Asks: 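Take this structure, written in structure tokens, and hold onto it; I'll ask about it next.
Every heavy atom of this structure was used, including side-chain atoms; hydrogens, water molecules and symmetry mates were not. So you know, we letter chains A, B, ... as the sequences are listed, proteins then strands, and number each from 1. Model, not experiment: these values are computed from the prediction.
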Amino acid sequence: MKIDQLADLIQAKILTDNKSLDNEISGAYICDLLSWVMSHANKGDVWITVHTHLNIVAVALLVEVACILVPEGIQVEEATIKKANEEGIAILSSNKTAYQIAVEISKFIPLVK
Amino acid sequence: MKDLSLHLMDIVQNSISAKADKVCVFLTADNEADLLTMIITDNGEGIEEHLLKDITSPFTTTRKTRKVGMGISLLMASSNMAGGDLKIYSKRFEGTTLEASFKISHIDRLPLGDIAETMVTLIMSSPDIEFELSVSNKKDCFKFTTMEVKEQLKEVPITQFEVLSWIRDYINSEIKIILGGVLNEILG
């Protein structure tokens with residue numbers, strides 16, 4: 001599944017520009033402990049986190065996740081979006097909780113890679 | 001990072017990479033001020049000025065293999081999350097001091113973790129570096145230094161199993177005494 005398809009599916013807003021929407025999503029990962037994400041998330045995951053600090057862009061870049069998805073309508077700082085645009089990392093925003101998102105995307109994103 | 005001992009391990013690796021041969025760690029819990037402070041100071045080669053001003057950014061790194069470095073940014077995030085702050089002072093070819101603070105009572109403050117295990121791991125992997133650990137609750141304090149231990153040991157290497165076991169137990173029991181009633185968590 002592509003990032004824009006995911007956004008359509010869960011009615012998420014794409015906060016970044018449209019450069020990296022072609023990335024293929026091959027899994028999903030939910031965690032807010034950044035060091036844990038660094039060692040456990042997989043390349044190609046959509047990463048769901050409540051963090052909005054610049055650090056999430058660095059972690060996303062490091063793990064090569066497909067995109068970042070911020071749940072519960074949490075406001076994302078302008079500096080984070082700017083850096084994400086520079087680095088080609090898409091950030092999506094949804095009003096749903098991480099659990100609601102996971103349930104909805106589970107039919108479309110395989111649980112095991 | 002799940003606890004402060006993992007942050008400590010990570011930050012001291014920076015000191016080791018900066019060719020420090022002495023690293024001092026101060027842990028101070030001040031109940032009245034509701035503040036836990038972790039200070040790490042080394043005599044390494046220091047941080048270049050142009051890097052220092054953006055040092056807490058995850059996109060500041062001296063790594064050649066990748067463009068992000070997370071150690072200091074993660075510790076800063078952990079501090080800020082718990083109502084604390086992080087400061088770094090560094091002078092080229094003299095050394096670096098990092099100071100991270102946390103509100104003791106804050107629900108998001110990381111637990112202390114296994115400080116003794118971190119110290120033992122550091123000693124084991126860099127036996128030639130002198131490490132100091134000072135733990136204080138403003139009334140009482142305790143200080144451990146590898147230099148003193150080495151003096152007592154004479155020819156026996158500090159990396160010997162029995163010595164490391166003793167260091168681990170000693171640090172653990174002292175941390176329990178000094179911080180036991182101060183931090184609202186179960187220690188060791």
Asks: Is it the case that one hydrophobic cluster holds both B/Val23 and B/Ile175, taking links as side-chain heavy atoms less than 4.5 Å apart, direct or via other members?
Replies: yes

Asks: Establish whether A/Ile56 and A/Ile30 are linked, either directly or via other cluster members, by ILVMFWY side-chain heavy-atom contacts under 4.5 Å.
Replies: no

Asks: Linking I/L/V/M/F/W/Y whenever any side-chain heavy atoms sit under 4.5 Å apart, do A/Ile89 and A/Val50 land together?
Replies: yes

Asks: If hydrophobic clusters are built by linking Ile, Leu, Val, Met, Phe, Trp and Tyr wherever their side-chain heavy atoms come under 4.5 Å apart, do A/Ile68 and A/Ile14 end up in the same one?
Replies: no

Asks: Please walk me through it: do A/Met38 and B/Leu74 pass side chain to side chain contact (heavy atoms under 4.5 Å, CB included)?
Replies: CA-CA 11 Å; A/Met38 282 163 67; B/Leu74 288 184; 4.1 Å; yes

Asks: Within a radius of less than 6.0 Å around NZ of B/Lys150, do more than 12 heavy atoms belonging to other residues, nucleotides or ligands occur?
Replies: yes

Asks: Between chain B and chain A, are any donor-acceptor pairs under 3.5 Å, and how far apart is each one to 0.1 Å?
Replies:
from    : atom 1 : to      : atom 2 : distance (Å)
B/Met1  : N      : A/Ser35 : OG     : 2.5
B/Lys67 : NZ     : A/Glu87 : OE1    : 2.8
B/Lys67 : NZ     : A/Glu87 : OE2    : 3.2
B/Ser73 : O      : A/Asn55 : ND2    : 3.3

Asks: Given a strict heavy-atom distance threshold of 4.5 Å, which part of A/Leu54 is in contact with chain B: side chain, backbone, both, or neither?
Replies: both

Asks: Indicate if B/Ile177 and B/Phe26 have the same hydrophobic cluster label, given that clusters are the connected sets of ILVMFWY residues with side-chain heavy-atom separations under 4.5 angstrom.
Replies: no

Asks: Below 4.5 Å from any heavy atom of chain A, which atoms of B/Met76 appear? Answer side chain, backbone, both or neither.
Replies: neither

Asks: Let me know if B/Met1 has heavy atoms under 4.5 Å from chain A in its side chain, its backbone, both or neither.
Replies: both

